[in-house]
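The next block holds one structure in the form of structure tokens; read it before the comments.
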There are 2 protein chains.
Amino acid sequence: MTGYALREAIREVLGHFWSESFGQIYPALAELERDGYVERRESARNGSSTFRITPSGTAQLRELLSEPIQRDPPRNGLLLRLFLGRHLGPAACRALVLDARAEAERRLAEYVAIRADIAQASEMADERPYQLLTLAFGEHTARAAIAWANEAVAALDQLDSTRPSSTHLNKESRT
Amino acid sequence: MTGYALREAIREVLGHFWSESFGQIYPALAELERDGYVERRESARNGSSTFRITPSGTAQLRELLSEPIQRDPPRNGLLLRLFLGRHLGPAACRALVLDARAEAERRLAEYVAIRADIAQASEMADERPYQLLTLAFGEHTARAAIAWANEAVAALDQLDSTRPSSTHLNKESRT
DNA sequence: GCCCGCATGTAACTGGTTACATGATTGT
DNA sequence: ACAATCATGTAACCAGTTACATGCGGGC
């Protein structure tokens, strides 16, 4: 496939847990070609080149997949805001949580659709069980996020009603 | 607090969803001081300086907290490996999942301990409900991860027994 | 003729980590 | 004394995004 197509595939297929930008892909493909991990085939018609992985490329892929997983330092903007939620007030926090819930629901719906697609397609039978694993992860975490959001909204509502004239911006002071 | 203490606090208190390095903190504090958002008080004894947020600093904090949450592009090494799990084989994938489950269990235990701590401490009553929100999020996602891992292990075991002589490295070929 | 999607690549920039240099204080 | 921890800062480096420059080909 071409670099462009590769990026599209990553966006569409792995989009929920991986991403690459053109600035990554093209230099990477050039390097992979230099190291003999992929082969370039120039198209005569236009200036595009399609790439195909070589045997040594698949070997290298397996090597890389076997390397220890490195996780990057956590940075969850939602949780940071909620932790310092006193400064935002219950109403603003509630809005944030509702937003998060809406997105989790959107994701969950997407996963359900993907599951239907995968069940449909008879191709790639040996890859399917692995793809279902990642899908299930997404479903579990999305459902967890929704359940949490419901609890959180309830807690925030109670907080708002218990101490209505809180230190900061609440429904009344904003109107 | 000092820059050092600030980093410790971030690590210990927000460690599950936020992180900052010295390379960030010290330049940031200098800039915040320049903009009048924090005040520096030099200690006479040693070269250390303690910082205190100013009124305009808290205002700025609220401003920043109100800004839209920006999420960084996803990059989940575990899911990437599982998605391409055919290249690793069921046994290796199983190990990855078990690892993930162990860590989720470790996290969950930590959260339970923190919850006990928070319930104990009578201070900071107005911050507590917000902190509990972030804690609950961690608990939900950890439990979801554990449940998923259990399903995934079962699926992988079945996969391993159904087609024992898979294309690649499995238990037999590795011994 | 013109816009849009396909396609390739580079350059600038940014956000951040890591490693290093340095030194005071405290506890054993 | 010496090790560990507290403390400050900088420089080098890195991964990665964004934006830009460029051009082909097809559809309207």
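Nothing here was measured: the structure is a model prediction, and the numbers come from that model. Residue numbers start from 1 in every chain, and the chains themselves are labelled A, B, ... in the order their sequence lines are given, proteins ahead of strands.
Annotation: the span from Leu84(B) atom CG to Gln131(A) atom CD amounts to 9.0 Å, rounded to 0.5 Å.
Under the 4.0 Å criterion applied to side-chain N and carboxylate O atoms, Glu12(A) and Arg7(A) are not assigned as salt-bridge partners. Classification of Asp72(B) and Arg75(A) as a salt-bridged pair fails, no side-chain N sitting under 4.0 Å from a carboxylate O. Between Arg52(A) and Glu39(A), no side-chain nitrogen of the basic residue sits less than 4.0 Å from a carboxylate oxygen of the acidic one, so the salt-bridge criterion is not met. The pair Arg115(A)-Glu139(A) meets the salt-bridge criterion, with a side-chain N (NZ, NE, NH1 or NH2) lying under 4.0 Å from an Asp/Glu carboxylate O. Note on Arg71(A) versus Glu103(B): salt bridge recorded, some NZ/NE/NH1/NH2 to OD/OE distance being below 4.0 Å.
Direction of the helix axis in the helix from dG1(C)-dC28(D) to dT28(C)-dA1(D) shifts by 20° between the two five-pair termini, rounded to 10°.
Atoms CD (Glu33(B)) and C1' (dT8(D)) sit 13 Å apart, rounded to a whole Å. What separates CD of Glu8(B) from C1' of dC6(D) is a distance of 9 Å, to the nearest Å. Put simply, CD on Gln70(B) is 9 Å from P on dG15(C), counting in whole angstrom units. Protein atom CD1 of Ile25(B) is 14 Å distant from nucleotide atom P of dC6(D), rounded to whole Å. Rounded to whole Å, atom C1' of dC6(C) lies 16 Å from atom CD of Glu42(A). When rounded to the nearest whole Å, the span between CG of Asp72(B) and C1' of dT18(D) equals 16 Å. At whole-Å resolution of the value, CD in Gln24(A) and C1' in dT17(D) are 8 Å apart.
Distance alone, capped at 3.5 Å, is enough to place a donor-acceptor pair between the Arg81(A) side chain and the Gly77(A) backbone. Checking side-chain atoms of Trp148(B) against main-chain N and O of Leu133(A) turns up a donor-acceptor pair under 3.5 Å.
Within the nucleic acid shown, Arg7(B) has no heavy atom closer than 4.0 Å to any nucleic acid atom.
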With the sugar-phosphate defined as primed atoms, P, OP1 and OP2, and the base as all remaining atoms, what B/S/- string results for nucleotides 7-13 of chain C, 5' to 3', for protein heavy atoms under 4.0 Å? BBBB---
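Under the 30°/60° scheme for interplanar angles, the aromatic rings of Phe83(B) and Phe17(A) are found to be tilted.
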